[in-house]
Amino acid sequence: MYEAFYGLKENPFSIQPDPDFLYFSRHHSYAYAMMEFGIRNRAGFIVVSGEIGCGKTTLIRHMLNNLAPNLTVGLVYNTHREIADLLEWIMLALGIPHEGMSKVALFDGFQRFLIEQYGIGKSVLLIIDEAQNLSADALESLRMLSNINSDKHQLLQIMLVGQPQLKDMLMRPDLIQFSQRVEVDFHIKPFSNSDVQNYIEHRLAIAGRETPLFTHEACARIAEASHGIPRRINILCNTAMVYGFSAGAGTIDLDLVEEVLSDKAEFGALPSSE
């Protein structure tokens with residue numbers, strides 16, 4: 001809608017996870033480094049947590065685009081607390097036959113798959129997104145699956161990615177056996193105020209904008225209103241650019257951002273994030 005007016009080749013503030021637009025704040029850089037470290041050192045369990053909309057899924061997409069070819073990866077992303085037969089979902093994610101099999105046959109098939117992958121020089125990485133939805137029983141099942149080893153070699157690596165509740169859940173006394181198996185963990189915090197302006201300018205540059213669009217004051221107000229959460233920043237910036245386009249504004253200033261926030265508070269269907 002506003003792309004041509006602002007010299008853009010695409011929407012810079014889509015809320016869909018897009019690794020091409022990934023901005024590495026200090027915390028995102030540390031999180032990615034820890035993920036790489038865990039994978040390369042064959043950590044049994046890796047845990048990455050962060051607020052809703054902080055960029056966890058985008059970070060995973062970037063990681064998937066840059067993994068070594070000796071990794072076989074399965075992604076389970078539709079978790080929920082009532083999920084049954086977690087092993088079937090895992091086998092589905094890894095492309096292993098599983099339909100109509102007993103629990104014993106499922107486990108045997110999964111174990112054989114891990115051994116076969118190890119035999120051809122590959123290790124298996126299982127990524128479970130929205131892992132805060134898993135029950136304690138599901139986590140215990142994952143712990144048991146991680147026990148499938150070949151001498152000292154770890155055949156299965158499991159990365160749990162989720163909201164802050166995941167971190168809280170793993171601190172429960174009944175999950176101490178599980179938490180003690182976590183070798184690598186990191187919690188992604190929201191952007192700092194300076195990160196917010198850098199993030200906005202980074203996304204605009206990726207989308208084709210060659211000159212600044214948002215004033216410093218506008219970025220500071222967006223940082224305050226969004227609490228440094230990337231998804232909230234995207235929504236506010238997108239709306240501000242629609243307002244700016246409608247008004248023929250060449251820059252997005254503080255007054256325009258305040259108008260967006262005021263209208264969201266008065267007319268928005270959802271509660272304000274402030």
Check: Are any of the side-chain heavy atoms of Glu51 and His227 separated by less than 4.5 Å?
Finding: no

Notebook entry, point to check: Going from CZ on Arg203 to CD on Glu10, what distance comes out if it is rounded to the nearest 0.5 angstrom?
Noted result: 9.0 Å

Next item on the list: Just do the side chain to side chain contact (heavy atoms under 4.5 Å, CB included) check on Asp263 and Tyr243 with the steps written out, would you?
Entry: CA-CA 11 Å; Asp263 284 356; Tyr243 274 47; 2.8 Å; yes

Notebook entry, point to check: Quick one: do Val257 and Leu213 end up in the same hydrophobic cluster if we chain Ile, Leu, Val, Met, Phe, Trp and Tyr together by side-chain heavy atoms under 4.5 Å apart?
Noted result: yes

Under 3.5 Å, side-chain donor or acceptor atoms of residues 92-106 against the rest of the protein: list the pairs with distances, not counting sequence neighbours.
residue, atom, partner, partner atom, Å
His98, ND1, Ile96, O, 3.2
Ser102, OG, Ala105, N, 3.1

Item checked: Beyond-backbone contact of Val124 with Gln157, side-chain heavy atoms, under 4.5 angstrom -> no

Next item on the list: Looking only at non-hydrogen atoms, find the nearest pair between Phe214 and Ala240 and report the distance.
Entry: CE2-CB, 4.2 Å

Notebook entry, point to check: Distance from Tyr30 atom OH to Ile188 atom CD1, nearest 0.5 Å?
Noted result: 13.5 Å

Notebook entry, point to check: Tyr2 side chain to Ser246 main-chain N or O, any donor-acceptor pair under 3.5 Å?
Noted result: no

Note to self: Show the nearest heavy-atom pair for residues Gly53 and Ile229, with the distance to one decimal.
What the structure shows: O-CG2, 3.4 Å

Note to self: To the closest 0.5 Å, what do you measure between CG (Leu71) and CG (Leu125)?
What the structure shows: 6.0 Å

Next item on the list: Report yes or no: do Val48 and Val184 belong to one cluster of Ile/Leu/Val/Met/Phe/Trp/Tyr joined by side chain heavy-atom distances under 4.5 Å?
Entry: yes

Note to self: Grouping I, L, V, M, F, W and Y whenever their side-chain heavy atoms are under 4.5 Å apart, do Leu139 and Leu145 come out in a common cluster?
What the structure shows: yes

Next item on the list: Indicate the atoms forming the closest heavy-atom contact of Met169 with Leu175, along with that distance.
Entry: O-CD1, 3.3 Å

Checklist line | Shortest non-hydrogen contact between Leu254 and Ala218, atoms and distance | finding: N-CB, 4.0 Å

Notebook entry, point to check: Heavy atoms, side chains only, cut-off 4.5 Å: are Leu87 and Ser141 in contact?
Noted result: no

Margin query: Side chains of Ile46 and Leu160, heavy atoms from C-beta outward: is any pair under 4.5 Å?
Written below: no

Item checked: Gap separating the CD1 atom of Ile252 from the OG1 atom of Thr215, nearest 0.5 angstrom -> 9.0 Å

Check: Would a 4.5 Å heavy-atom cut-off, applied to side chains only, mark Leu166 and Asn133 as touching?
Finding: no

Note to self: Using a strict threshold of under 4.0 Å (side-chain N to carboxylate O), is an ion pair present between Glu258 and Arg221?
What the structure shows: yes

Margin query: Can a side-chain donor-acceptor contact be found between Tyr199 and Asn234 if the only test is distance below 3.5 angstrom?
Written below: yes

Item checked: ILVMFWY network linking Met144 to Ile148, side-chain heavy atoms under 4.5 angstrom -> no

Margin query: Looking only at the side chains, is there a donor atom on one of Arg181 and Asn147 sitting less than 3.5 Å from an acceptor on the other?
Written below: yes

Next item on the list: Carefully, step by step, assess Phe13 and Asn11 under the rule side chain to side chain contact (heavy atoms under 4.5 Å, CB included).
Entry: CA-CA 6 Å; Phe13 296 109; Asn11 181 351; 4.1 Å; yes

Check: Do the side chain of Arg209 and the main chain of Thr211 share a donor and acceptor less than 3.5 angstrom apart?
Finding: yes

Margin query: Which heavy atom of Ala225 sits nearest to which heavy atom of Leu236, and what is that distance?
Written below: CB-CD1, 3.9 Å

Check: Restricting to pairs with a member in residues 154-177, which pass ring pair (Phe, Tyr, Trp, His ring centres under 6.0 Å), not counting sequence neighbours?
Finding: none

Next item on the list: Apply the side chain to side chain contact (heavy atoms under 4.5 Å, CB included) test between Val161 and each candidate in Leu75, Ile128, Asp129; give the one that qualifies.
Entry: Asp129

Checklist line | Thr251 side chain reached by Leu256 side chain, heavy atoms, under 4.5 Å | finding: no

Next item on the list: Could you go through the side chain to side chain contact (heavy atoms under 4.5 Å, CB included) check for Ser123 and Leu155 one step at a time?
Entry: CA-CA 6 Å; Ser123 57; Leu155 300 188; over 6 Å; no

Item checked: Value rounded to 0.5 Å, distance of CD in Glu140 from CZ in Phe178 -> 9.0 Å

Next item on the list: Would you mind telling me which of Lys56, His187, Gln163 makes a side chain to side chain contact (heavy atoms under 4.5 Å, CB included) with Ser49?
Entry: His187

Notebook entry, point to check: Given side chains that start at C-beta, do those of Val47 and Leu170 come closer than 4.5 Å, heavy atoms only?
Noted result: yes

Check: Is Ile176 atom CD1 crowded by more than 12 heavy atoms from other residues, nucleotides or ligands, each under 6.0 Å away?
Finding: no

Check: With the 4.5 Å side-chain cut-off for hydrophobic clustering, are Val73 and Val76 part of the same group?
Finding: no

Check: Taking the hydrophobic residues Ile, Leu, Val, Met, Phe, Trp and Tyr, and joining any pair whose side-chain heavy atoms are under 4.5 Å apart, which ones share a cluster with Ile206?
Finding: Phe21

Margin query: Can you list, by chain and residue number, the hydrophobic cluster partners of Ile15 when the side-chain cut-off is 4.5 Å?
Written below: Ile235

Next item on the list: Run the numbers on Met35 and Met159 for side chain to side chain contact (heavy atoms under 4.5 Å, CB included), then give the verdict.
Entry: CA-CA 9 Å; Met35 291 160 68; Met159 180 182 293; 3.9 Å; yes

Next item on the list: Return each pair, listed once, that meets ring pair (Phe, Tyr, Trp, His ring centres under 6.0 Å) where at least one residue sits in residues 54-78; pairs must be two or more places apart or across chains.
Entry: Phe24-His62, Tyr32-His62

Next item on the list: Mind checking the CG-CD spacing from Leu114 to Gln154? Nearest 0.5 Å is all I need.
Entry: 10.0 Å

Item checked: Residue pairs passing the side chain to side chain donor-acceptor pair (under 3.5 Å) test where at least one lies in residues 19-29, sequence neighbours excluded -> Tyr23-Asp195, Ser25-His28

Next item on the list: Give the minimum heavy-atom separation between Ala223 and Asn193, together with the two atoms involved.
Entry: CB-OD1, 3.7 Å

Check: Does atom CD1 of Ile120 have more than 12 heavy-atom neighbours, drawn from other residues, nucleotides or ligands, at distances under 6.0 Å?
Finding: yes

Next item on the list: Would you check if Asp18 and Arg61 make a side-chain contact, meaning some heavy-atom pair closer than 4.5 Å?
Entry: no

